Asker: 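One structure is given below, represented as C-alpha cells, and several questions about it will come after.
Since the structure is predicted, the reported quantities are computational estimates derived from the model, not experimental observations. For the single chain, residues carry numbers from 1 onward in sequence order.
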Amino acid sequence: MRRTLAFAALLTALALPASAQTPTPTDADPDLEELAIRWMNLLDAGHFDSAAAHVSPQVIAQMGEEQLTTLWPQITVQVGEMQDLLPERHSTLNGLHIVTMAGTFDAGVFDVNVVFDAEDRVMGFSVRPPGALDD
C-alpha cells in the first residue's frame with residue numbers, strides 16, 4: 001500500500017482543478033535544484049525558522065516555523081534521517097515549479113518534491129514512496 005508520508009501545502013492547498021493536476025516536465029534548473037537541496041538541508045538541520053523564512057506568504061499558515069517544527073520530526077520518525085538528495089526531474093503546474101529528488105533516508109529511497117512559486121519561494125514539499133504521484 002502506498003501512502004503519503006508527508007504532504008505539506010503541495011498541491012491540494014492550492015485547490016487546483018482536477019484537469020490541471022498533471023505536472024508538465026521541464027528542463028533542469030540547477031538554481032532551483034540548489035535551492036531545493038538547501039531548503040531540505042535546513043529542515044534536516046532543525047533550522048525551522050530559516051526554512052520558514054523561504055516559504056511563500058501564501059502558505060505560511062500551513063508551513064511556518066511552528067508547523068515545520070512539528071512536521072519534519074514526524075517524517076523522520078517514519079523514514080529515518082535524511083542522508084542524500086539527488087535531483088531527478090523538474091516540472092511545472094499552474095505556474096509552480098516542482099523539483100523532484102531521490103532522497104535517501106535510513107528507511108530507503110523516497111521521492112522528495114519541493115514546490116516553488118514564481119519568486120522561488122517554497123510553496124510546499126512532500127516525501128513519498130517512489131512513483132506515488134504517478135498513480
Asker: Nearest 0.5 Å please: distance from the CG atom of Asp49 over to the CG atom of Leu42.
Answerer: 8.5 Å
Asker: So does Gln58 get a backbone contact from the side chain of Ser56, meaning a donor-acceptor N/O pair under 3.5 Å?
Answerer: yes
Asker: Tell me whether Arg89 is salt-bridged to Asp27, with the criterion being a basic N under 4.0 Å from an acidic carboxylate O.
Answerer: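 Judged by the 4.0 Å cut-off on N to carboxylate O distance, Arg89 and Asp27 do not form a salt bridge.
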Asker: Check whether any side-chain heavy atom of Val114 lies under 4.5 Å from a side-chain heavy atom of Met40, and answer yes or no.
Answerer: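 In short, these two side chains touch, coming nearer than 4.5 Å.
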Asker: According to a 4.5 Å side-chain heavy-atom criterion applied to Ile, Leu, Val, Met, Phe, Trp and Tyr, with indirect links allowed, do Val109 and Ile37 form part of one hydrophobic cluster?
Answerer: no
Asker: Could you report the tightest heavy-atom contact between Pro73 and Phe48, atom names first, then the distance?
Answerer: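 Heavy-atom minimum between the residues: CD-CZ, 4.4 Å.
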Asker: Applying side-chain contact (heavy atoms from CB on, under 4.5 Å), run through Val112 and Phe105 and close with a yes or a no.
Answerer: CA-CA 11 Å; Val112 176; Phe105 293 82; 3.9 Å; yes
Asker: For Trp39, enumerate each residue passing the ring-ring contact (aromatic ring centres under 6.0 Å, His included) test, keeping only those at least two apart in sequence or located in another chain.
Answerer: Phe125
Asker: Suppose the criterion is salt bridge (Lys or Arg N to Asp or Glu O under 4.0 Å): which pairs have a residue in residues 31-44, not counting sequence neighbours?
Answerer: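 Output for this query lists Glu34-Arg38.
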Asker: Examine distances only and state if a side-chain atom of Asp106 and a backbone atom of Glu81 form a donor-acceptor pair shorter than 3.5 Å.
Answerer: yes
Asker: List the atom of Val122, the atom of Val59, and the distance in Å for their closest heavy-atom pair.
Answerer: O-CG2, 3.9 Å
Asker: Atom NE2 of His90 and atom CD of Glu88: how far apart are they, to the nearest 0.5 Å?
Answerer: 10.5 Å
Asker: So Ile98 and Leu93, do their side chains get closer than 4.5 Å, heavy atoms only?
Answerer: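 Answer yes - side chains close enough.
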Asker: Return the minimal non-hydrogen interatomic distance between Thr26 and Ser91, and the atom names on each side.
Answerer: OG1-N, 3.6 Å
Asker: Looking at Gln83, I want to see if its CD is surrounded by more than 12 non-hydrogen atoms of other residues, nucleotides or ligands under 6.0 Å.
Answerer: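 Correct, the count exceeds 12.
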Asker: With a 4.5 Å limit on heavy-atom distance, are the side chains of Leu96 and Asp117 in contact?
Answerer: yes
Asker: Give the minimum heavy-atom separation between Gly64 and Ala52, together with the two atoms involved.
Answerer: C-CB, 3.8 Å
Asker: Taking the side chain as everything from C-beta on, heavy atoms only, tell me whether Met101 gets closer than 4.5 Å to Asn113.
Answerer: no
Asker: Which atom names give the shortest non-hydrogen contact between Ala28 and Pro30, and what distance separates them?
Answerer: O-CD, 3.8 Å
Asker: To the nearest 0.5 Å, what is the distance between CD on Glu65 and OG1 on Thr70?
Answerer: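 Reported to 0.5 Å precision, the distance equals 10.5 Å.
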Asker: Got a sec, which residues hit salt bridge (charged side-chain N to carboxylate O under 4.0 Å, His left out) with Glu119, two or more places apart in sequence or on another chain?
Answerer: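 Counting only residues at least two positions away or on another chain, Glu119 forms a salt bridge (charged side-chain N to carboxylate O under 4.0 Å, His left out) with Arg121.
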Asker: Can you tell me how far apart NE2 (His54) and CZ (Phe116) are? Round to the nearest 0.5 Å.
Answerer: 10.0 Å
Asker: Nearest 0.5 angstrom please: Met82 CE to Leu43 CG, how far?
Answerer: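 Here the interatomic distance stands at 7.5 Å.
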Asker: Roughly how far, to the nearest 0.5 Å, is CD of Gln67 from CD1 of Ile60?
Answerer: 7.5 Å
